[in-house]
Amino acid sequence: MSASVLEVRNLTRDYISSGGFLRPAKVVHAVKGVDFSLAKGRTLAVVGESGCGKSTLARMITLIDPPTSGEILIDGKPVDAGHVTHEMRQKVQIVFQNPYGSLNPRQKIGDVLAEPLLLNTKMSAAERRERAMAMLLKVGLGAEHFNRYPHMFSGGQRQRIAIARALMLNPSFLVLDEPVSALDLSVQAQILNLLKDLQDEFGLTYVFISHDLSVVRYIADEVMVMYFGDVVEHGSREDVFGNPQHSYTKTLFAATPKSDVESIRQRIAKKAALAS
Amino acid sequence: MPLLEIKNLTVSFDTSVGLFKAVDGIDVSVDAREVLAIVGESGSGKSVAMLAVMGLLPSTATVTADKMEFEGLDLLAMSPAEKRKIIGKDIAMIFQEPIASLNPCFTVGFQIEEVLSKHLGLKGRVARQRAVELLHLVGIKDGADRLNAFPHQMSGGQCQRVMIAMAISCNPKLLIADEPTTALDVTIQKQILDLLVRLQAEHGMGLIMITHDMGVVAETADRVIVQYKGHKMEEADVLSLFENPKSNYTRALLSALPENAVGDRLPTVSDFVFEPAPGVA
């Protein structure tokens, strides 16, 4: 097994609501001790319903929020969450769920893509432009899109732009926070294909956060199921999908719509039996 | 006689670059006690067609149809005042964003009671009693307490339940659900879909499900209309649609489901060649 790109040891995060006069402060344990390590070129899917702490976990490993306790190691080096260096920041990038909210409406796409380079490197303007253009083509957009504004793009195209922006600094790993749940089915398929292609080409490592099990089954190598801040199941895709252990995982499977002909036939038969 | 019958519906919008036809010659008919799913990508005109029935389109839209009848009443010839008696009472609609479609300034109870007083003339304690019953019906157990809650104090799934409670408050004959579960988690989605199908069966409603999710279609629908760029591509009962899709577009939509992935790549709609020719049924 190759060296792990990302390792997390006993990570926890508490949110403390401010108390008041005669009212004690309330503590919410959003993430209660998560351990995992992720090798280069692999995809870890984090699954769970809203409020289970998966986005909090994402914010911690992207170094946006400091953890309450626990350790994060990126490329084998421990990260001090209170003081994140420039170098560490470049190694982690994130793509958010809502492509409409995550792009500045007043910034042209070319500038969106070149900005990480402007802030983090000493490249010349021409070089930044060239890199941005190359990345734009890589994610399946055209050169003519370079000088357009975000409102001129559809949801799927915006998500491509967000992915391109995240890849500008050659990060060690990419956190994808529900990247396709706001998209149509066929556009979702295009974005998932793009993510796979990019992974093959650059050997990218993904942490893929989702509540959609059919998407997870398609893209993940490893699956981690979270429930109220706890990891209730963690294993390879085959293990988790083939032989789910925890009752919550089974509930999730049962809730996923089944679209094979056999289950439709069963449902119709059941309905006909009820009606008669 | 079908509950709702629409023939050759066309909706066009006046834009700065000329007329844009969002819906082009669509026929829809729903029987009582039937679940019809309208499927398509965003921009296929599936929501616009139903908004036209409800009369909720902006003034830039032009709606024409050869026939648009609800229980034999002509919706096109009706005066707005007559239409308001039907819309919200006999035809109700649930929207995609539950949190955005409730008014943040009023309690949930106030908003449900408003519907009851407008359409059924229920007031005061009677209305409150009925509101608690409705919340119970949609699976909110502590209804009496939740009536005093504001929308922001509830989760997305709870808000969607409140929306459904409002929609079924006057025992509608037809319920139109526009992407009712798109913003929700799978476990909540399952609960809401089960709820809608149960209510539909118990109250003998007609139900139109507008969605882009083939999984939702497979779980709920009796009959399916597939729509693409304002045209109807295919209409079939749910089993034959999944078993033996006639149009290439339907085939493309089905194969874009991640669980149907063959090998390493997901086929996308653009991998399939199809012609959005008018008159494809």
Side-chain angles (χ1 to χ4, degrees), chain A residues 47-52 97-98 154-156 178 180-197 199-200 210-220 227 241 248 251-272 274-275, chain B residues 33 35 39-44 155-157 181-191 193-194 197-198 200-202 204 211-222 237-244 249 252-261 264-272:
Chain A
V47 189
E49 60 193 354
S50 47
C52 76
Q97 173 173 13
N98 186 350
S154 66
E178 308 248 7
V180 294
S181 57
L183 304 175
D184 268 1
L185 203 60
S186 65
V187 181
Q188 167 180 312
Q190 289 169 12
I191 296 293
L192 290 176
N193 282 337
L194 172 70
L195 287 172
K196 275 224 158 159
D197 291 346
Q199 185 166 41
D200 291 344
S210 181
H211 65 253
D212 189 340
L213 284 169
S214 50
V215 171
V216 167
R217 188 200 283 262
Y218 172 69
I219 201 156
Y227 187 57
F241 278 87
Y248 177 65
T251 314
L252 268 184
F253 280 120
T256 306
K258 288 169 204 65
S259 58
D260 56 302
V261 172
E262 202 37 56
S263 46
I264 298 173
R265 198 169 279 148
Q266 276 175 17
R267 176 176 68 79
I268 291 174
K270 214 160 137 195
K271 190 172 174 181
L274 276 178
Chain B
R33 307 186 156 271
V35 184
V39 199
E41 296 171 81
S42 36
S44 62
S155 68
T181 58
T182 304
L184 305 174
D185 274 356
V186 264
T187 41
I188 313 293
Q189 162 169 306
K190 172 88 177 152
Q191 292 168 12
L193 291 181
D194 286 349
V197 169
R198 194 193 65 185
Q200 183 268 335
E202 279 173 8
T211 181
H212 67 256
D213 189 339
M214 278 295 186
V216 171
V217 175
E219 291 270 308
T220 55
D222 297 329
D237 67 88
V238 64
L239 200 57
S240 42
L241 185 94
F242 277 82
E243 226 168 18
N244 183 22
Y249 181 66
L253 272 186
L254 285 174
S255 59
L257 282 169
E259 55 261 42
N260 293 351
D264 228 16
R265 284 194 72 81
L266 279 172
T268 59
V269 169
S270 47
D271 292 346
F272 288 75

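Hydrogens, waters and symmetry mates play no part in the numbers below; they use all other heavy atoms, side chains included. The sequence lines fix the lettering, A, B, ..., with proteins before strands; numbering per chain opens at 1.
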If I take atom NE2 from residue A/H211 and atom OG1 from residue B/T187, how far apart are they, to the nearest 0.5 angstrom? 8.5 Å

Under 3.5 Å: donor-acceptor pair, side chain of B/E219, backbone of A/K258: yes

With rounding to the nearest 0.5 Å, note down the distance linking CE in B/M214 to OG in A/S214. 14.0 Å

Which bit of A/R265 is near chain B, if near means a heavy-atom gap under 4.5 Å: side chain, backbone, both or neither? both

Heavy-atom distances under 4.5 Å only: say whether B/V197 touches chain A with side chain, backbone, both or neither. neither

Atom pair CG (B/D213) and CG (A/D212), whose distance is rounded to the nearest 0.5 Å: 8.0 Å

Starting from the C-alpha separation in whole Å, work towards a yes-or-no answer on side-chain contact (heavy atoms from CB on, under 4.5 Å) for B/V238 and A/I268. CA-CA 9 Å; B/V238 64; A/I268 291 174; 3.5 Å; yes

Answer with side chain, backbone, both or neither: which region of A/D260 has an atom nearer than 4.5 Å to a non-hydrogen atom of chain B? neither

Turns out that what part of B/Q189 lies under 4.5 Å from chain A's heavy atoms comes down to side chain

Heavy-atom distances under 4.5 Å only: say whether B/S155 touches chain A with side chain, backbone, both or neither. neither

Report the option among A/G48, A/P257, A/S263 that has the most heavy-atom pairs separated by less than 4.5 Å from atoms of chain B. A/P257

